[in-house]
Structures are given as structure tokens and as C-alpha cells.
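A short write-up of the structure that comes next.
A, B, ... follow the sequence lines: proteins, then strands. Residue 1 opens every chain.
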Amino acid sequence: MVASTLSFLWEHKSFLLWGAWSTIQLTTISVALGTVIGTVVGICRVSRSKVLSLAAAGYADFIRGTPLLVQIFLVHYGLPAVVSSYVPGFYVAPFVSAVAALSINSGAYVSEIVRAGIQSIEKGQTEAGRSLGMTYGQTMRYIILPQAFRRIVPPLGNEFIAMLKDSSLVFAIGYNELMTRGKILMTKYFQFFETWVAVALVFLCMTLLVSRLVRFVERRMAINGES
Amino acid sequence: MVRVENLHKHFGKLHVLKGITNRIMKGEVVVIIGPSGSGKSTFLRCLNLLEMPTSGDIYIEGVNVINRGENRVSINKVRENVGIVFQSFNLFPHMTALRNIELAPMIVRRVPEAQAREDALALLNRVGLADKADSYPSQLSGGQQQRVAIARALAMKPKVMLFDEPTSALDPEMIGEVLDVMKGLARDGMTMVVVTHEMGFAREVADRVLFMDDGVIVEENTPAELFSNPQNPRTKAFLSKIL
Ligand SMILES: Nc1ncnc2c1ncn2[C@@H]1O[C@H](COP(=O)(O)OP(=O)(O)O)[C@@H](O)[C@H]1O
Ligand SMILES: [Mg+2]
């Protein structure tokens, strides 16, 4: 079993590694966009405007309260169906849908991380900024967010790892990443056990690598200033 | 310089300030004493609008600063002119001492960076920390952090400086260095309102001492008179406990 799995892995290494590369690309782009969305939404969550904070909370609740696979189908099949009734033949490539669905999903989780990060900064920091005549925006930009972001890095790393795994769901709309390639190998060679252990091992390598990287960045930031 | 008329502050149902009226002259040093919970911090925080008073008026150099139209720009303008030093320092931990001081003048007053830096270094020198410009707050002792905090407030060239128990969080051996900086400020003619339990400081520096209890100014006098000859029984009781 071990030997056959290893030889299977070796035999299909470049096929699987290309899949892993797609997964990493997809995850990186999605979490990067998700971080932008999540930062904006997270700031809205803590804003004094009731409308903004309610809208932001609604978005986060909707995304976190529904399955990712449903969201992927909604973006890939649901929305284009609406648009194509106005623009016949409208079609969205799986990569675009995948990035859109995963970014929107990631944004909701990141917004929670950002909100928690902002709220973890002591009230005295805001008061110090405001008492020096800074506006709310200046206090956010120069005082609160830079401190919040240091605290956000570790949970953001966890979000990346979670997304690395969850992105496998986009196989359902035919985007050619690691999971999809596992399915291709399975139907071609019928080595069910070897195929899925091999895919699992490749995922495991990626997540272990990323968690190492996150810890390294964390330590570097602890050295550069702040207690 | 600062005129307060019948100031009231409620936190929900809690009536914390119950009609404070007072005048603070230019260059005057006023020390506020009183038991914990009597509203001293709330009073100071109302003076730079960190708390919005429920009713009453505050005039700074003749201008009524309570703009009940929620005009935020004017609130920020008020705060530029009223510096505050907190018990817990509240330095920005992700910035060096120098950056802590130069930031607000640069982004609020739009002072050019070179000028802001020069001013910040001069202020560090004034509080005796010229060699700590590049230190982060976590690398400084409590006394040093509080002196940087004073320099940071001074950098905005405020007309009034408020101090809320600036030495209460400090180890005893560091209290002196902070009080010395404050004495220097007083000598240079800064208008100051200081909440403190340091009676030695009050005796030496204050022009006037206010005794606050339960949201009102119970009694005020020169430090010599108030400490040696309190009139109100509440003042007597309080002083007998702390002197
Ligand atoms: N933000 C706030 N919300 C509710 N109650 C407050 C708040 N700030 C202060 N208080 C209450 O107001 C009273 C006076 O507090 P404070 O001004 O801090 O007194 P002091 O500084 O004299 O000890 C206390 O009972 C305190 O619990
Ligand atoms: Mg207090």
C-alpha cells in the first residue's frame, strides 16, 4: 500500500504538482482579494454609521451561515443565469467564478478577524489620537489599523490554510486544481486508494509549509518593535 | 482662558458632574483633588471633549467650544488646543518616541516633516530624553514613557495642559522625574489643570486647589489655605485621610 502509493505519487508528480500550483494561485489571489474586502467590511463593522455596520454584519452573517459550495454554484450558475437573460450567451470561466466566490467567502471571515483586531486595541489609543486633534479617520489609519494588523497576521494565516483546503470545492464547477486532477487520475487509473492518499499528502505538504511560513513571519514581526 | 459654566454630565442614569462652574486664568496651575469616583477624570475629559457634557458651557479663550450641532471639525480644533496626559500614558506602541511626538503636528497641523522632527527633538530634550528618540515605548521605563507622553501633548502647542493622575501608575522612584518636568512647564507659564494625589506637588506648584466630591467642587483655595485650614467637613475628612 505504502509502496504503491509512493510510486503512484512519483509517477504522477508533475500532474499533481501543477494541480497544487493552481490551488496555491487560486488561494493566494482569493485570500488577497478577501483581505481587501474583509478590511473594508471590518472597518464598516466598527463604524459609527448604523447603515454601514448593519450591511457589513449582514454580509458576514450570510456568507458564514451558508455552505461554500452553495456560494460557488450561486456565483458560477446563479448569477450568470440572471445576466444571460439580458446578455444572451453570457458565460463566466470557472477560474473567474472560483476567484469571485472564494474572495467573497474569504472576505466575510477576514472581516471578522479585522473587526476583532480593531476592537482588541485599547480604548486609550483612540483617545490619545483624538485628544491630539486627529480625526476618526486619521486615528484609524495611523494608530489603530497598524496595531490591529500585527494582531491579524496569525489568524489571517489560519484563514489562508483553511482556504487552501476549502478551495478544493471548486472542482464542482470544473476548475482544474488539485482536487479536479485527483478526480481525473481516479477515473483514468482506478487506483482509488493511491489517488486520494496522494492528493491528501500534497495538501498536507502545502498546509504544513504555510503554517511554518506564518510562524516565521510572526516571529519576525515580534522582533521588530512592539512588546 | 478656560471658563466652565454649570457643567453637567450623565452616563445614562448616573449623574457624574452636577454643575461645575469655574474659571482658569492664563498661566494658572490648578490642582484637583478628591476621592475616587468623584468625577475628576470626567471633568478633565469634558474639557477636551473626550466626553460630551450633557449640559453647560465651556469657553476656551472666549470661544464656546460646545458645538451641539456635532460639528466634528470644531471638536478636533478644540482638542488641538487642549493637551491631555493620561494616567496610563497611552503612547503609540508601534512608533518610536520621536514618531509619537512628531506625528500629530505633521498630520493635524501639517507641519513639514523636517520642522516637526526638529520640534520633537527639542521637546525630547526638554523632558530629558534626547537619547531615547529611537526607542519604542516598550523599551522605556514608566517614568520615561510618561515624559514622552507629555512631550507628545506639548508638540501640538496647546494653550492648556490637562493631567489625569500622571504619576499614579508609576513606581515611586519614577514619580519625581515626571513631577520635575511638570514643574518646569508651570515655571514656563503653561496653563495647567492637574488631577493628582501628590500633595507636595500641589503645595509647591499650584496657584489654586479644587476639592471635588460627588460631582461638585466642594471647596477651593490656595494650597496653603486649603491644606492647613479646610472649611468644609468633607474636605476636612478627605484631607485627614491622605495627609
Ligand atoms: N464612560 C463611562 N461610562 C459610565 N460611567 C462612567 C464612565 N466614566 C466614568 N464613569 C463613572 O463616573 C463616575 C466618576 O468617574 P471618574 O470621573 O473617573 O472619577 P475620578 O476620576 O474622580 O475617580 C464613576 O462612578 C465612574 O464609574
Ligand atoms: Mg480618575
Side-chain angles (χ1 to χ4, degrees), chain A residues 35 39 42-44 46-53 113-157 214 217-227, chain B residues 41 44-45 47-51 70 72-97 99-110 134-140 145 148-149 151-158 160-162 164 169:
Chain A
T35 302
T39 302
I43 291 171
C44 290
V46 300
S47 99
R48 292 164 303 187
S49 154
K50 269 272 174 309
V51 177
L52 281 183
S53 67
I113 295 172
V114 169
R115 182 189 58 78
I118 291 173
Q119 288 177 340
S120 76
I121 305 300
E122 302 69 40
K123 202 160 143 266
Q125 292 289 307
T126 307
E127 294 189 342
R130 300 308 301 273
S131 75
L132 290 164
M134 293 183 202
T135 61
Y136 177 84
Q138 288 172 328
T139 307
M140 266 290 161
R141 169 165 165 212
Y142 293 99
I143 311 302
I144 306 302
L145 289 179
Q147 294 185 64
F149 271 116
R150 284 159 195 254
R151 301 190 187 178
I152 283 169
V153 167
L156 215 50
V214 171
V217 172
E218 236 175 286
R219 234 172 310 139
R220 280 300 295 270
M221 287 198 348
I223 294 166
N224 298 336
E226 214 196 336
S227 48
Chain B
S41 298
L44 283 196
R45 294 160 59 82
L47 289 181
N48 75 345
L49 306 184
L50 275 178
E51 304 287 357
E70 269 287 300
R72 294 223 156 67
V73 179
S74 88
I75 289 182
N76 293 331
K77 268 277 172 284
V78 172
R79 292 187 181 131
E80 286 178 41
N81 291 322
V82 183
I84 186 163
V85 173
F86 303 94
Q87 180 177 347
S88 50
F89 327 139
N90 296 343
L91 288 181
F92 307 132
H94 56 303
M95 297 176 188
T96 62
R99 186 79 184 146
N100 262 279
I101 300 169
E102 71 182 5
L103 178 68
M106 280 169 56
I107 65 175
V108 177
R109 287 211 195 277
R110 309 207 172 281
D134 297 322
S135 301
Y136 284 89
S138 59
Q139 298 165 326
L140 300 174
Q145 287 189 55
V148 172
R152 179 178 68 177
L154 289 174
M156 290 301 289
K157 301 191 166 55
V160 189
M161 282 283 282
L162 313 175
D164 192 1

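- When all heavy atoms are compared, the tightest approach of B:Arg79 to A:Arg130 is CD-O, 2.8 Å.
- Of the atoms belonging to B:Leu91, it is backbone heavy atoms, and not side-chain ones, that fall under 4.5 Å from chain A.
- Between A:Leu132 and B:Ala104 the shortest heavy-atom distance is CB-CB, 3.8 Å.
- Considering only heavy atoms from C-beta on, A:Glu122 stays 4.5 Å or farther from B:Asn90 through its side chain.
- To the nearest 0.5 Å, atom CE of residue B:Met106 and atom OH of residue A:Tyr142 are 7.5 Å apart.
- A:Ile143 places a side-chain heavy atom less than 4.5 Å from the side chain of B:Met95.
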Q.
The test is side-chain contact (heavy atoms from CB on, under 4.5 Å); show your working for B:Leu103 and A:Met134 and say whether it passes.
A. CA-CA 10 Å; B:Leu103 178 68; A:Met134 293 183 202; 3.6 Å; yes

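- Between B:Phe92 and A:Pro146, the closest side-chain pair of non-hydrogen atoms is not below 4.5 Å.
- With sequence neighbours left out, the side chain to side chain contact (heavy atoms under 4.5 Å, CB included) criterion links B:Arg109 to B:Glu80, B:Asn81, B:Val111, B:Met156.
- What you find for A:Ala128 and B:Arg152 is that their closest heavy atoms are CB-NH2, 3.5 Å.
- Both the backbone and the side chain of B:Ile107 come within contact range of chain A, with heavy atoms under 4.5 Å apart.
- Heavy atoms of B:Val82 lying under 4.5 Å from chain A belong exclusively to its backbone.
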